[in-house]
Amino acid sequence: MMRVRVLGGGCKKCEALLKAAKEALANTGLKGEVEYITDFSEIASLGIMTTPALMLDDEIVSTGRVLKTSDIESLMLVHKDL
């Protein structure tokens with residue numbers, strides 16, 4: 001089961017990444033859950049200084065930009081095989 005975390009302060013870009021992450025998880029058919037973390041102390045404790053950010057399981061895969069759904073799908077499919 002994949003753990004997908006979107007980290008950000010609730011801005012439009014963060015919301016867009018959250019939506020894309022949910023769509024990507026559904027499109028890939030992988031089992032998992034998407035969490036939305038907005039607590040900046042928790043975000044900083046994970047080593048993220050630029051949001052929005054995306055984590056797959058415990059790996060930071062993107063910071064500071066909104067990925068397309070197709071890009072997230074590709075990352076998820078590669079990540080599941082690691």
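These numbers come from the heavy atoms of this one structure, side chains and all, not from hydrogens, waters or symmetry mates.
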Might you work through the side-chain contact (heavy atoms from CB on, under 4.5 Å) test for Leu56 and Val4, ending with a clear yes or no?
-> CA-CA 5 Å; Leu56 299 179; Val4 180; 4.0 Å; yes
[atom1] of [X] to [atom2] of [Y]: how many Å apart, nearest 0.5 Å?
X     : Y     : atom1 : atom2 : answer
Glu23 : Thr69 : CD    : OG1   : 4.0 Å
Ser62 : Asp71 : OG    : CG    : 9.0 Å
Lys19 : Ile72 : NZ    : CD1   : 11.5 Å
Cys14 : Leu54 : SG    : CG    : 11.5 Å

I'd like to know if [Y] and [X] are part of one continuous hydrophobic network [Ile/Leu/Val/Met/Phe/Trp/Tyr, side-chain heavy atoms within less than 4.5 Å].
X     : Y     : result
Phe40 : Leu7  : yes
Val61 : Ile43 : no
Val34 : Val78 : no
Ile48 : Leu67 : no

For a side chain to side chain contact (heavy atoms under 4.5 Å, CB included) with Pro52, tell me which candidate from Arg65, Lys13, Lys12, Glu15 qualifies.
->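 Result: among Arg65, Lys13, Lys12, Glu15, Lys13 is the only option passing the side chain to side chain contact (heavy atoms under 4.5 Å, CB included) with Pro52.
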What is the minimum heavy-atom distance between Tyr36 and Cys11, and which atoms define it?
->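 Smallest heavy-atom distance, with atoms named: OH-N, 4.4 Å.
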Please name the pair of heavy atoms, one in Thr38 and one in Gly10, separated by the smallest distance, quoted to 0.1 Å.
->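 What the structure gives for the nearest pair is CG2-N, 4.5 Å.
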Met55/Ile37 under side-chain contact (heavy atoms from CB on, under 4.5 Å): CA gap, chis, key distance, verdict | CA-CA 11 Å; Met55 293 182 73; Ile37 300 172; over 6 Å; no
Salt-bridge criterion met for Asp58 and Arg5 (N-O under 4.0 Å) |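 Yes, charged N to carboxylate O under 4.0 Å.
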Which is it for Leu17 and Thr51 under the side-chain contact (heavy atoms from CB on, under 4.5 Å) test, yes or no, and what are the steps along the way?
-> CA-CA 10 Å; Leu17 184 60; Thr51 60; over 6 Å; no
Among all residues two or more places apart in sequence or in another chain, which pass the side-chain hydrogen bond (donor to acceptor under 3.5 Å, both in side chains) test with Glu33?
->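 Residues passing side-chain hydrogen bond (donor to acceptor under 3.5 Å, both in side chains) with Glu33: none at all.
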Tell me, with the steps shown, if Lys80 and Thr28 meet side-chain contact (heavy atoms from CB on, under 4.5 Å).
-> CA-CA 11 Å; Lys80 79 170 179 68; Thr28 60; over 6 Å; no
Is there a donor-acceptor pair closer than 3.5 Å between any side-chain N or O of Asp39 and the backbone N or O of Ser41?
->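 Yes: the side chain of Asp39 pairs with the backbone of Ser41.
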